[in-house]
2 protein chains.
Amino acid sequence: MVKLKIPEHQVAGHQAKNGILGPLIDDSGKFYKPLQDDERGSNELAFYTSLYSDPRIPTNILKFFPSFHGTQTVDASDGSGLHPHLVLEDIVSNYTNPAVVDIKIGSRTWHPQSSEDYIRKCLQKDRESSSIKLGFRISGLRSVGPTNQLWQPHKKFLMDLSVDDVMLVLRKFVSSDGNVDEPDCVFGSRVFVPILEELLELKKWFEVQTIFHFYSCSVLVVYEKDEKEDEKKSASAVVKLVDFAHVVDAKGAIDHNFLGGLCSLIKFVKDVLTGLSDVQTSNPKA
Amino acid sequence: MVKLKIPEHQVAGHQAKNGILGPLIDDSGKFYKPLQDDERGSNELAFYTSLYSDPRIPTNILKFFPSFHGTQTVDASDGSGLHPHLVLEDIVSNYTNPAVVDIKIGSRTWHPQSSEDYIRKCLQKDRESSSIKLGFRISGLRSVGPTNQLWQPHKKFLMDLSVDDVMLVLRKFVSSDGNVDEPDCVFGSRVFVPILEELLELKKWFEVQTIFHFYSCSVLVVYEKDEKEDEKKSASAVVKLVDFAHVVDAKGAIDHNFLGGLCSLIKFVKDVLTGLSDVQTSNPKA
């Protein structure tokens, strides 16, 4: 049987520890996500199963999704014994020192068919977080600086950021050390130029796709902070979509909720990049 | 004192009649909208006042707003005596036989600072209508056919349209007569080619503007159905934004709610146009 361990770089969602059911990884680059035993589990499994066989999904769009290797029953992280897991791509497995941010897209995390109770809970969270204001909220973030300092802001802090806060967090995310007040943004253009390109490619698809509505789905941005590793293609900055427990049939309409939030995120990334070139212009020797 | 009358082509909002306060028009192309005596009135007045003096609004964007001529106290339509009115451009005054559709944009019509009571009411309407599903709802529509038949679907019918219903309504909107089951779409490309261009121009602005969030605001589409008049520039198909009682400060974020709905509408307009060229391709003699 494969030896599984707790992932080190997970930033959002249930985290495995003693007594808690969470995802596991193996040494071959696979991510084992416990299948939730309600509608969410069957929904996410159905999504992954249909995604890779649906001829309507353009090939260039499939790269935004973690690859899928079926389900497997393995020992659960909570010590409760065997439990079915989705076997997915471990997105960070090729990275030596990955910086990761999880951004839940959309100002609304519930869909019209949800139960009243679920809608009430989601709506409250959407109102208390930045979701309704900005069209997204940062669910988690993790980055390790040059002398091994971990920067992992508390989830409660990340939930309800203002526009200025998001700008600062994104600037710190592409800095050598996120813990300092004045971010150096050394990875700024190396990360956000390719990431912006990917987000724009995704946006183009969301302007026309009428297959899925992605509720409560996240954009994961990952890049390599280890300068020696950074040149490798396998460790380049990527955008991935994750968490499909609340994907529903689009019934012929575009996913305006996801698209609006994605456009908002794109505006922030553009503004961070503009800020970098402003600095370069005003300090030509910098 | 100017002689005011009840507008003939109004499709949404309070309609003036005996005992009911509604907008009035004069013969010089002005539209008198009663100033609501609560926050909504002062908000809409503040919006119009700031709009035309705000240097951040690009000149090409100002054309999407009705021109504004201050306020004037005139006899109210409900017979209650003098009442302050916003004096706006009467958008349809240059048209002989205008076809008009009012589309309320955004899946959410309430903003975060609204009262709990207002949020509850709006949310219910957003859920009962097509707003949450499609990102917009059609608030009203009016079109008069070649032998003077009026086509003005009931508001309750328009509120909650499916994707197929919206396609059919938009196709009927650009047909000589909306009352027939098989729309001829004779005005299809003459209307939707320029309208699409305008909507895309608006979209481009909404992707970057962080000045206003437009809640419960409508896109009004107007075109000339009188073939003799249609060639005049003053009677060409236009897009206008109307209803600014619920516009709030964007606080630095784009209006992802409006933008998402606008992109959804754009997709519908594109699909109607594609449908037209498909027909032309399959019936080259048609």
Side-chain angles (χ1 to χ4, degrees), chain A residues 105-108 110-114 116 119-120 122-124 126-137 160-167 200 203-210 213 215 248-268 270-271 274, chain B residues 105-108 110-114 116 119-120 122-124 126-137 160-167 200 203-210 213 215 248-268 270-271 274:
Chain A
I105 304 290
S107 66
R108 183 161 42 86
W110 52 273
H111 57 76
Q113 290 83 47
S114 311
E116 289 304 316
I119 291 177
R120 198 164 39 245
C122 288
L123 183 60
Q124 190 180 343
D126 295 344
R127 291 179 66 188
E128 286 169 358
S129 69
S130 68
S131 295
I132 283 192
K133 281 161 271 181
L134 308 184
F136 62 82
R137 62 179 180 251
D160 185 16
L161 299 180
S162 69
V163 166
D164 290 345
D165 293 337
V166 170
M167 285 297 286
L200 290 172
K203 174 189 169 216
K204 222 169 162 179
W205 183 58
F206 270 91
E207 285 175 344
V208 295
Q209 76 90 5
T210 54
H213 282 191
Y215 291 104
V248 296
D249 186 332
K251 291 182 185 159
I254 66 162
D255 189 350
H256 48 86
N257 178 60
F258 189 98
L259 178 58
L262 183 63
C263 289
S264 179
L265 176 62
I266 285 171
K267 177 67 164 61
F268 277 94
K270 281 186 175 171
D271 284 353
T274 306
Chain B
I105 305 290
S107 66
R108 184 161 40 86
W110 53 273
H111 56 76
Q113 290 83 46
S114 312
E116 290 303 317
I119 291 176
R120 199 166 35 247
C122 287
L123 184 60
Q124 191 181 343
D126 295 344
R127 290 178 67 187
E128 285 169 0
S129 70
S130 67
S131 295
I132 284 193
K133 281 160 272 180
L134 308 183
F136 63 82
R137 60 179 181 249
D160 186 17
L161 300 180
S162 69
V163 165
D164 289 345
D165 293 337
V166 170
M167 285 297 287
L200 290 172
K203 175 189 168 215
K204 223 170 162 177
W205 183 57
F206 270 91
E207 285 175 345
V208 296
Q209 76 89 5
T210 55
H213 282 190
Y215 291 104
V248 295
D249 185 332
K251 292 186 185 155
I254 67 162
D255 190 349
H256 47 87
N257 178 61
F258 190 98
L259 177 59
L262 183 63
C263 289
S264 178
L265 176 61
I266 285 170
K267 177 67 164 58
F268 277 95
K270 281 186 176 172
D271 284 353
T274 306

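Residue numbers start from 1 in every chain, and the chains themselves are labelled A, B, ... in the order their sequence lines are given, proteins ahead of strands.
Scanning both residues, L259(A) and C263(B), for their nearest heavy atoms gives CD2-CB, 3.5 Å.
Counting heavy-atom neighbours within 6.0 Å of Q113(A) CD, excluding the residue itself, gives a total above 12.
Counting heavy-atom pairs under 4.5 Å between each of H111(B), K203(B), M167(B) and chain A puts K203(B) at the top. When each of E116(A), K251(A), H213(A) is scored by its heavy-atom pairs under 4.5 Å with chain B, the top score falls to E116(A).
One N or O on the side chain of H256(B) and one on the backbone of G135(A) form a donor-acceptor pair closer than 3.5 Å.
Interface residue T210(A): only side-chain heavy atoms are found under 4.5 Å from chain B. In this structure, the portion of L123(B) lying under 4.5 Å from any heavy atom of chain A is its side chain and not its backbone. Heavy atoms closer than 4.5 Å to chain B are found in both the backbone and the side chain of L134(A). With a threshold of 4.5 angstrom between heavy atoms, I132(B) approaches chain A through its backbone and through its side chain. For I119(B), the part lying under 4.5 angstrom from a heavy atom of chain A is the side chain only. When heavy atoms are compared at a cutoff of 4.5 Å, K267(B) approaches chain A solely by way of its side chain, counted from C-beta outward.
Atom-to-atom distance recorded for R108(B):CZ and R108(A):CZ is 9.0 Å, nearest 0.5 angstrom.
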